[in-house]
Amino acid sequence: MSDTHHLAEGPRTTIRPFTPGDADEFTARARESTALHRPWLFPPTTPETYAAYAGALIEDPARAGFLVCERDAAGGAGAIAGFININNIVAGAFRCGALGYGAFAHAAGRGLMGEGLGLVLDHAFGPLGLHRLEANVQPDNERSIALVRGAGFRLEGYSPDFLHIDGAWRDHERWAITAEMRRPA
C-alpha cells in the first residue's frame, strides 16, 4: 500500500491516484479476481503490465486513474477494493471523459465501488472541471450497469461492435452523466 495522499474520503472508502508502488497489491488482487472479471475486463496481472498501465494513467494528461481503497478501522487507507479510470479526457468546449472500472473479488457486492464512484464523480465534476462522463458497458454485464445506474447515469444508446475485447468486437450500451445530473453525495 502506498502512502500517497487521498483525493477524497467517504464513510467506507477513499480514492487516490495510482502509484508505481501499488504494483504488488494491484496485480495480486487482479489475479484473485480473474473469474469475476472475465469476459468483461482484463486488468494487469504482472508487475510489467502494471507498470505500463499505471504509467499511462500517471503520465498521460488525457487519463486519470483512481484506486478505490477500503478505509481501515482507524479510518485510514486499507486494501485496494477496485479502480476507476477516466480515459479520453477532452478539455475545451467538450469537457468529457470515458470511464473504465473494476472491483476486486474481495470487495465485490459490498457497495464499496458505488461509494468510490461517487467520490470520483465529485472529483471529476469539481477539481478536474469535467462536464460529462460516459461509461460504455457490455449489455450482459449486469453488475456494471447497476453501478452506473445507481450513480445516476442515464442510458443514451447502443453501440454495435464498439470495443475490441477478448478477441472480438463487442456491443456496448452508452451510459452518461453530466455535472447537472449529479446527485448530491
Side-chain angles (χ1 to χ4, degrees), residues 7-8 10 12-18 30 33 36-44 53-54 56-58 60-68 80-105 107-185:
L7 298 172
R12 298 184 307 139
T13 63
T14 65
I15 59 167
R16 63 176 177 81
F18 279 72
S33 304
L36 174 68
H37 292 155
R38 299 300 187 265
W40 325 112
L41 185 64
F42 298 82
Y53 180 80
L57 291 167
I58 293 166
D60 185 349
R63 300 177 79 187
F66 306 93
L67 293 174
V68 177
I80 298 172
F83 56 95
I84 301 172
N85 303 327
I86 305 175
N87 302 297
N88 306 322
I89 296 172
V90 179
F94 198 42
R95 294 190 346 228
C96 182
L99 287 183
Y101 48 84
F104 290 129
R110 296 174 44 208
L112 300 173
M113 289 301 291
E115 183 178 303
L117 179 54
L119 296 173
V120 169
L121 293 176
D122 291 343
H123 189 76
F125 295 140
L128 289 182
L130 297 179
H131 174 258
R132 176 185 173 87
L133 288 173
E134 298 179 359
N136 294 287
V137 183
Q138 292 179 57
D140 293 335
N141 191 342
E142 295 172 3
R143 286 183 172 189
S144 188
I145 290 170
L147 178 68
V148 294
R149 181 183 285 130
F153 283 64
R154 68 178 169 225
L155 178 62
E156 291 190 335
Y158 185 81
S159 299
D161 299 331
F162 185 69
L163 288 173
H164 196 263
I165 299 173
D166 197 24
W169 289 98
R170 309 290 178 183
D171 300 343
H172 283 69
E173 293 180 358
R174 281 189 326 278
W175 292 80
I177 190 169
T178 62
E180 293 82 9
M181 293 168 56
R182 177 75 177 117
R183 296 179 190 150

Please report the closest heavy-atom contact between [X] and [Y], naming both atoms and the distance.
X: Leu117; Y: Ala151; value: CD2-CB, 3.6 Å
X: Asn88; Y: Ala98; value: ND2-CB, 4.3 Å
X: Arg170; Y: His172; value: O-ND1, 3.0 Å
X: His37; Y: Pro43; value: ND1-CG, 3.5 Å
X: Ile15; Y: Gly116; value: CG2-O, 3.9 Å
X: Phe125; Y: Leu130; value: CD2-O, 3.2 Å

Kindly say whether [Y] contributes a backbone atom to a donor-acceptor pair with the side chain of [X] at under 3.5 angstrom?
X: Glu156; Y: Ala176; value: no
X: Arg12; Y: Arg110; value: yes
X: Asn85; Y: Asn87; value: no
X: Arg95; Y: Gly129; value: yes

pair [X]-[Y]: side-chain heavy atoms closer than 4.5 Å:
X: Phe42; Y: Ile165; answer: yes
X: Met113; Y: Ile84; answer: yes
X: Pro160; Y: Trp169; answer: no
X: Pro17; Y: Leu7; answer: yes

Working to the nearest 0.5 Å, report the span between [atom1] of [X] and [atom2] of [Y].
X: Asp122; Y: Leu128; atom1: CG; atom2: CG; value: 11.5 Å
X: Asp171; Y: Tyr158; atom1: CG; atom2: OH; value: 3.0 Å
X: Leu57; Y: Phe18; atom1: CG; atom2: CZ; value: 5.5 Å
X: Arg132; Y: Glu180; atom1: CZ; atom2: CD; value: 11.0 Å

Is any NZ, NE, NH1 or NH2 atom of the basic residue among Glu173 and Arg149 found under 4.0 Å from an Asp or Glu carboxylate oxygen of the other?
->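 Salt bridge between Glu173 and Arg149, a charged N being under 4.0 Å from a carboxylate O: no.
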Within 6.0 Å of CZ in Arg143, more than 12 heavy atoms from elsewhere =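 No, the 6.0 Å shell around CZ holds no more than 12 heavy atoms from other groups.
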Other residues, nucleotides, ligands: >12 heavy atoms within 6.0 Å of Glu142 CD |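 Not buried by this count: 12 neighbours or fewer within 6.0 Å.
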Pick one: which of Leu99, Thr178, Leu147 meets side-chain contact (heavy atoms from CB on, under 4.5 Å) with Phe153?
->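 Only one option passes, and that is Leu99.
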Please assess Leu41 against Tyr101 for the test side-chain contact (heavy atoms from CB on, under 4.5 Å), listing each intermediate value before the final yes or no.
-> CA-CA 9 Å; Leu41 185 64; Tyr101 48 84; over 6 Å; no
Is the Phe83 ring parallel, tilted or perpendicular to the Phe104 ring (thresholds 30°, 60°)?
->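 Ring orientation, 0 to 90° scale: tilted.
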